2 protein chains.
Amino acid sequence: MDEHRDITLAKKHIYRMTPQRKVILEEVRKMNNHPSADEIYEAVRKKLPRISLGTVYRNLEILSEQGEIQKLELTDSVNRYDWDTRKHYHIRCVRCGRVDNAPIAPMQQLENELYGATVFTILGHRLEFIGLCPECSKKLSCLKNNPPDK
Amino acid sequence: MDEHRDITLAKKHIYRMTPQRKVILEEVRKMNNHPSADEIYEAVRKKLPRISLGTVYRNLEILSEQGEIQKLELTDSVNRYDWDTRKHYHIRCVRCGRVDNAPIAPMQQLENELYGATVFTILGHRLEFIGLCPECSKKLSCLKNNPPDK
DNA sequence: ATGATATTGAAAATTATTTTATAAATGGTG
DNA sequence: CACCATTTATAAAATAATTTTCAATATCAT
């Protein structure tokens with residue numbers, strides 16, 4: 001409900017490097033599939049069995065705030081995380097949720113097109129492609145020839 | 001967690017026109033500010049005081065499935081609804097959540113650029129601009145000259 | 001009017017995420 | 001090294017948006 005940003009100009013938090021934070025970062029950097037917090041939790045648990053999910057969430061937030069990782073807020077129910085902090089777009093499978101990078105260069109000029117045409121001050125944009133991964137495409141075309149309900 | 005789409009080819013539901021559904025549609029058509037389910041609920045309640053929030057959610061889903069309205073899944077915690085079902089982009093204020101239409105034409109050719117460059121079958125794309133509405137811009141520039149914490 | 005089934009209201013369930021409280025760990029300083 | 005102000009971890013509870021359940025109607029093609 002209240003998702004308004006914190007606008008205080010308070011002094012920056014000084015973060016400490018903890019074993020938990022280090023392992024979380026290492027694990028995210030090993031994952032190439034844009035994992036969710038829960039998937040990262042499961043991976044980290046193998047190294048630190050007593051870690052709590054809350055710690056994972058908190059550290060993912062801190063790490064993305066620090067620019068160590070990128071938080072992907074896709075039009076999906078779950079947020080995903082990416083070790084690659086460079087600007088790039090994504091493509092998401094509507095059926096299974098798989099997320100790949102979209103091989104297309106970021107288009108900053110999109111924002112320029114709005115200049116003067118809106119009363120808003122533009123800060124950025126978000127572009128996400130929706131599609132079907134090869135596996136789901138295949139399953140769906142099978143279903144089409146052979147519907148499950150006769 | 002399980003947000004995979006229903007892929008059954010079962011026979012289409014036959015929807016009935018209820019007073020509730022009709023009032024919900026009428027109210028959304030009156031609103032120009034991309035209202036959330038809760039805002040629609042409040043508006044509808046003035047006409048039908050005994051309606052439940054669940055009914056509003058259920059009908060908004062049905063109405064958007066039927067193409068009577070458009071469901072906007074922005075990178076916001078709440079979904080919004082739009083009486084205008086034509087393809088268009090939006091710009092959202094990061095601070096207060098206000099959503100305006102983005103005065104820029106839909107770019108279908110964006111999807112073509114991915115053709116052959118990804119293993120996905122492209123179904124669509126989503127483009128959302130992030131910014132500050134005039135009111136929030138003003139408040140922020142005041143804060144800059146006069147920070148709340150000395 | 002009748003009957004099959006879609007729909008409602010109210011409440012409970014779900015899901016992802018955030019917050020709280022208490023205890024423990026960290027790292028700069030004397 | 002010991003002290004100490006914080007930051008952080010854990011576990012559990014809280015939150016918030018949305019969905020589901022279920023028993024009681026309402027709808028509409030026949």
Side-chain angles (χ1 to χ4, degrees), chain A residues 1-6 10-25 27 34-42 44-45 47-66 68-69 71-81 92 97 99, chain B residues 1-6 10-25 27 34-42 44-45 47-66 68-69 71-81 92 97 99:
Chain A
M1 190 122 279
D2 188 318
E3 95 122 21
H4 312 166
R5 292 305 188 283
D6 181 15
K11 88 160 199 286
K12 197 130 196 157
H13 218 73
I14 291 149
Y15 294 109
R16 293 170 178 171
M17 185 46 68
T18 62
Q20 289 90 341
R21 187 166 303 156
K22 195 190 287 187
V23 171
I24 290 169
L25 181 54
E27 289 304 311
H34 307 85
S36 63
D38 209 71
E39 286 164 348
I40 295 164
Y41 172 57
E42 288 306 329
V44 170
R45 225 134 78 100
K47 301 286 169 65
L48 302 172
R50 297 195 44 83
I51 201 170
S52 80
L53 183 56
T55 299
V56 172
Y57 269 106
R58 194 175 347 93
N59 279 299
L60 289 172
E61 203 55 45
I62 290 170
L63 287 168
S64 61
E65 184 191 321
Q66 301 289 98
E68 298 285 353
I69 60 175
K71 182 177 183 177
L72 307 183
E73 302 184 299
L74 305 182
T75 317
D76 201 350
S77 49
V78 296
N79 289 323
R80 294 166 178 284
Y81 298 87
R92 179 172 58 86
V99 173
Chain B
M1 190 124 282
D2 187 318
E3 95 122 21
H4 311 166
R5 292 304 187 284
D6 181 13
K11 89 160 198 287
K12 197 128 197 159
H13 218 73
I14 292 149
Y15 294 111
R16 294 171 179 172
M17 185 45 68
T18 62
Q20 289 89 341
R21 187 165 305 156
K22 194 189 288 190
V23 170
I24 290 169
L25 181 54
E27 290 304 311
H34 308 86
S36 64
D38 210 70
E39 287 163 348
I40 295 164
Y41 173 57
E42 288 306 329
V44 170
R45 227 132 79 99
K47 302 287 171 63
L48 302 173
R50 297 196 43 83
I51 199 169
S52 80
L53 183 55
T55 298
V56 172
Y57 270 105
R58 197 173 339 99
N59 279 299
L60 288 172
E61 202 56 44
I62 291 170
L63 287 168
S64 60
E65 184 192 321
Q66 300 289 97
E68 298 284 353
I69 61 175
K71 181 178 182 177
L72 307 183
E73 302 182 299
L74 306 182
T75 317
D76 200 351
S77 50
V78 296
N79 289 138
R80 294 167 178 283
Y81 299 86
R92 180 172 58 86
V99 173

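Proteins get letters first, then strands, A, B, ... in listed order; numbering begins at 1 in each. Since the model is a prediction, treat every value here as computed from it, not as a measurement.
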Closest approach of B/Ile51 to B/Tyr41 (non-hydrogen atoms, all atoms of both residues): O-CE1, 3.6 Å
Can you tell me the distance, in whole Å, between the [atom1] atom of [X] and the [atom2] atom of [N]?
| X | N | atom1 | atom2 | answer |
| --- | --- | --- | --- | --- |
| A/Glu39 | C/dT17 | CD | P | 11 Å |
| B/Tyr41 | C/dT8 | OH | P | 14 Å |
| A/Glu65 | D/dT8 | CD | P | 10 Å |
| B/Arg58 | C/dA11 | CZ | C1' | 13 Å |
| B/Leu63 | C/dT7 | CG | P | 11 Å |
| B/Ile14 | D/dT27 | CD1 | C1' | 12 Å |
| A/Glu61 | C/dA16 | CD | C1' | 13 Å |
| B/Tyr81 | D/dA17 | OH | C1' | 10 Å |

Donor-acceptor contact below 3.5 Å, side chain A/Glu42 vs main chain A/Glu39: no
N/O donor-acceptor pair under 3.5 Å between B/Arg80 side chain and B/His34 backbone: yes
May I ask you to verify if any side-chain N or O of [X] is less than 4.0 angstrom from the OP1 or OP2 atom of [N]?
| X | N | value |
| --- | --- | --- |
| A/Asn79 | C/dA16 | no |
| B/Tyr57 | D/dT18 | yes |
| B/Ser77 | D/dA17 | no |
| B/Gln20 | D/dA26 | no |
| A/Arg21 | D/dT7 | no |

Considering only heavy atoms from C-beta outward, does the side chain of [X] approach that of [Y] to under 4.5 Å?
| X | Y | value |
| --- | --- | --- |
| B/Val78 | B/Asp38 | no |
| B/Glu65 | B/Lys71 | no |
| A/Thr55 | A/Arg58 | yes |

Option passing side-chain contact (heavy atoms from CB on, under 4.5 Å) with A/Ile24 (candidates A/Ile69, A/Ile62, A/Leu60): A/Leu60
Of the listed nucleotides C/dA16, D/dT18, C/dG9, the one nearest the side chain of B/Val78: D/dT18
Base-contact (B) and sugar-phosphate-only (S) positions in nucleotides 22-30 of chain C, heavy-atom cut-off under 4.0 Å, - elsewhere: ---BBS---
